[in-house]
Student: 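Can you read through this structure? Questions will come right after.
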There are 2 protein chains.
Amino acid sequence: MRDFSRSLPMSLLRAREAVMRQFRPSLREHGLTEQQWRILRALAAIEAIEVTELARTAFLLGPSLSRILRDLEARNLIERRTAKADQRRSMVSISKEGVKLMASVAPNSEAIYAEITRRFGARKLAELQEMLGELEQSLAGLGNVDDTLAEG
Amino acid sequence: MRDFSRSLPMSLLRAREAVMRQFRPSLREHGLTEQQWRILRALAAIEAIEVTELARTAFLLGPSLSRILRDLEARNLIERRTAKADQRRSMVSISKEGVKLMASVAPNSEAIYAEITRRFGARKLAELQEMLGELEQSLAGLGNVDDTLAEG
DNA sequence: CGCATTCACTTAACATGTTAAATATCTCCC
DNA sequence: GGGAGATATTTAACATGTTAAGTGAATGCG
């Protein structure tokens with residue numbers, strides 16, 4: 001069997017960890033996890049958004065998002081109101097406090113991102129992201145592997 | 001601020017998820033998580049290994065590994081014995097049952113990996129992994145960001 | 001209308017990620 | 001050889017990942 005430390009999943013995992021390790025300490029100083037930060041950033045770019053759509057944008061599963069929104073709301077970093085037309089849906093938006101917190105984290109975060117870009121190279125970074133996107137695309141249809149390959 | 005859905009961490013996260021989504025159902029049928037599978041594969045390649053070294057190989061943090069080893073041992077998929085020379089260390093190895101389980105999962109896993117390679121292209125896959133390795137390398141030294149960039 | 005179905009979201013249960021602290025053992029140096 | 005500090009591993013505590021089940025509201029169709 002192929003040396004698993006050279007497998008694609010491991011390469012992706014290690015690369016992502018190398019990147020995230022740069023951001024986590026700074027986020028932590030502001031009492032934010034990586035996922036909470038993703039949510040705030042997604043909210044900052046928009047007026048208000050439904051929970052399901054936010055899950056798609058921030059790339060979080062529903063249950064995780066549900067918990068995190070509960071906590072962020074308790075910290076007054078976000079606001080929620082039920083949609084008028086459909087009582088099932090709730091509209092989420094960032095609060096004034098949330099915006100303030102983002103403003104205090106963003107410069108640091110930007111500086112780190114800039115340093116990563118500088119070290120790796122802007123062109124290579126663009127190439128890498130292009131390839132990652134293509135990888136995602138090429139696996140997009142391959143949803144139900146177990147129907148075709150599993151047990152085979 | 002940069003559209004976060006196009007950021008490097010998100011690209012890496014989505015790409016990895018696209019890949020892992022292919023493997024999880026098959027692993028799940030055998031009662032294994034992604035991390036447990038990584039450990040078994042790491043163990044299969046070697047006679048015995050210390051916990052700390054295994055953590056490095058399987059890219060898991062100590063506390064996670066500690067819990068998982070406890071569970072795998074309870075399922076008789078691995079074996080542990082204390083090192084003679086140093087009572088602090090414990091040597092971990094895969095059990096006969098573990099080997100058997102691996103044998104039952106590996107073909108499926110290999111088939112999925114082959115299909116991913118086919119779809120994305122073997123050459124591009126090699127290029128991608130090369131770039132991921134370079135990214136990791138370029139951030140290797142950048143350990144203590146908060147000493148140089150944070151609060152700046 | 002009425003009710004089965006679908007939908008949006010949450011809760012539950014268990015596994016892992018992450019940091020800090022605890023525990024046990026070993027090493028070194030006086 | 002004895003105690004301070006280092007090391008290997010585990011435990012604790014809290015946050016998220018993952019799948020299944022629950023809850024309440026909307027929808028469709030007889």
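Within every chain, numbering begins at 1; the chains are lettered A, B, ... in the order of the sequence lines, protein sequences first and strands thereafter. Fair warning: this is a prediction, and the values are worked out from it, not measured in the lab.
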Student: So does A:Glu50 pair up with A:Arg56, basic N to acidic O under 4.0 Å?
Tutor: no
Student: Mind calculating the distance between CD1 (A:Ile68) and P (D:dC14) to the nearest angstrom?
Tutor: 17 Å
Student: Please tell me which of B:Gly62 and B:Lys84 maps to the more 5' nucleotide of DNA chain C, matching each residue to the nucleotide holding its nearest heavy atom.
Tutor: B:Gly62
Student: Using the side-chain heavy atoms of A:Gln36, tell me which of these nucleotides is nearest: D:dT16, C:dT18, D:dT9.
Tutor: D:dT16
Student: B:Leu61 CG to D:dA15 P: how many Å, rounded?
Tutor: 17 Å
Student: If you assign each of B:Leu65 and A:Asp71 to its closest nucleotide in DNA chain D, which residue comes earlier from the 5' end?
Tutor: B:Leu65
Student: If you find the nucleotide of DNA chain C closest to A:Arg80 and the one closest to A:Arg28, which residue's nucleotide is nearer the 5' end?
Tutor: A:Arg80
Student: Among C:dT16, D:dT10, D:dT18, find the nucleotide with the atom closest to the side chain of B:Ser66.
Tutor: D:dT10
Student: Out of C:dT18, C:dT11, C:dA8, which nucleotide sits closest to the side chain of A:Arg89?
Tutor: C:dA8
Student: Spell out, as yes or no, whether a donor-acceptor pair under 3.5 Å connects the side chain of A:Arg89 to the backbone of A:Lys84.
Tutor: no
Student: Side chain of A:Arg88 only, please: which of C:dC9, C:dT16, D:dA25 is the nearest?
Tutor: D:dA25
Student: On a heavy-atom basis, which atom in B:Pro9 and which in A:Met20 lie closest, and how many Å separate them?
Tutor: CB-SD, 3.6 Å
Student: When the distance from CG of A:Asp86 to P of D:dT23 is rounded to whole Å, what number comes out?
Tutor: 20 Å
Student: Measure from the side-chain heavy atoms of A:Ser64 and tell me the nearest of D:dT18, C:dT18, D:dA15.
Tutor: D:dT18
Student: Could you check how far CZ of B:Arg38 sits from P of C:dT16, rounded to whole Å?
Tutor: 10 Å
Student: Using only atom types and a distance under 3.5 Å, with no angle test, would you say the side chain of B:Ser95 pairs donor to acceptor with the backbone of B:Asn76?
Tutor: yes
Student: Measure from the side-chain heavy atoms of B:Leu60 and tell me the nearest of C:dG17, D:dT18, D:dA26.
Tutor: C:dG17
Student: Of the nucleotides C:dC9, C:dT25, D:dT9, which has the atom closest to the A:Glu50 side chain?
Tutor: C:dC9
Student: How many Å lie between CD on B:Glu53 and C1' on D:dT9, as a whole number?
Tutor: 15 Å
Student: In whole angstrom, give the distance that lies between atom CZ of A:Arg24 and atom P of C:dA20.
Tutor: 13 Å
Student: Could you state the CD-P distance from A:Gln35 to D:dG17, rounded to the nearest angstrom?
Tutor: 4 Å
Student: Take atom CG of A:Leu54 and atom C1' of C:dT10, then tell me their distance rounded to the nearest Å.
Tutor: 15 Å
Student: Closer than 3.5 angstrom, by distance alone: can the side chain of B:Ser66 be matched with the main-chain N or O of B:Pro63 as a donor-acceptor pair?
Tutor: no
